[in-house]
Structure formats: structure tokens, C-alpha cells
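Notes for the one structure printed next.
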Amino acid sequence: MSTSPINVKGYVVAVPRLVDARQARVAIVQDDVEYRIVPRGAGVDLDDELSVPVEAVGLHEEHEGVHYLTVRSYKVLEDDSWIEE
């Protein structure tokens with residue numbers, strides 16, 4: 001299971017807690033892909049940003065078809081014009 005650094009832009013959504021083995025409570029959805037946020041480091045703060053567009057930088061890991069992101073840093077985007085890019 002390898003990790004690779006990526007940049008993800010999308011909306012923060014809630015994840016049902018019982019569903020995830022790694023205790024992810026939120027995810028960022030980009031291009032119909034859900035990146036579950038590992039609740040460590042900067043990712044813990046994303047719990048307070050539900051339904052907000054963000055850009056996150058972190059380490060991506062895929063395990064059994066589920067995408068995980070360990071967030072190193074993120075910023076709230078002021079608008080969602082990036083959606084049409």
C-alpha cells in the first residue's frame with residue numbers, strides 16, 4: 001500500500017462513521033471520487049468545513065477500492081469557478 005502526494009479540490013461532505021474502518025468523518029469529493037479524510041493533522045479541522053469548497057494537499061492512499069487522504073494543508077476556496085475548469 002503506497003502513498004503519493006496529490007492536490008484535491010472539491011466539497012467537504014460527511015461520511016457515516018460506522019462505514020469507515022479508519023474513523024473518517026468527512027471526505028472531499030472531486031470529479032465523482034470520494035477522498036476520505038484521515039482524522040490526523042490538518043484533516044481534523046475539515047470536520048468544521050462541511051459543504052465548503054476546499055483545496056487540500058496531502059498523501060493519497062487507496063485501500064480495497066477506497067481513497068484516503070492524509071491532509072498536510074488545505075485552504076477554503078472563495079468561489080467555485082474551478083468546477084468548470
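- The minimum heavy-atom distance between E34 and A27, with the atom names listed, is CG-CB, 3.4 Å.
- Among residues at least two apart or in separate chains, side-chain hydrogen bond (donor to acceptor under 3.5 Å, both in side chains) pairs with a member in residues 46-59 are N7-E55, R25-D47.
- Hydrophobic cluster membership is shared by V33 and V8, with clusters built from Ile, Leu, Val, Met, Phe, Trp and Tyr side chains linked at under 4.5 angstrom.
- With sequence neighbours left out, the side-chain contact (heavy atoms from CB on, under 4.5 Å) criterion links V44 to no other residue.
- Closest heavy-atom contact between K9 and I28: C-CG2, 4.3 Å.
- No side-chain heavy atom of T70 sits less than 4.5 Å from a side-chain heavy atom of Y68.
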### Task
Give the C-alpha distance, both sets of side-chain angles, the deciding distance and a yes or no for ring pair (Phe, Tyr, Trp, His ring centres under 6.0 Å) between H60 and Y35.
CA-CA 8 Å; H60 172 250; Y35 295 90; 5.6 Å; yes

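- Shortest non-hydrogen contact noted between V12 and L46 is CG1-O, 3.7 Å.
- A 4.5 Å side-chain heavy-atom check between Y11 and V29 finds every atom pair outside the cut-off.
- When hydrophobic clusters are built by joining Ile, Leu, Val, Met, Phe, Trp and Tyr residues whose side-chain heavy atoms come closer than 4.5 Å, directly or via intermediates, V26 is grouped together with V54.
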### Candidate pair V66 and R36, rule side chain to side chain contact (heavy atoms under 4.5 Å, CB included), full reasoning
CA-CA 8 Å; V66 178; R36 293 186 182 180; 3.8 Å; yes

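- Taken from CZ in R40 to CD in Q23, the straight-line distance is 12.0 Å, to the nearest 0.5 Å.
- Contact annotation: the side chain of L50 never approaches that of V13 to less than 4.5 Å [non-hydrogen atoms, C-beta and beyond].
- Between A56 and L69, the shortest heavy-atom distance links the atoms CB-CD2, 4.2 Å.
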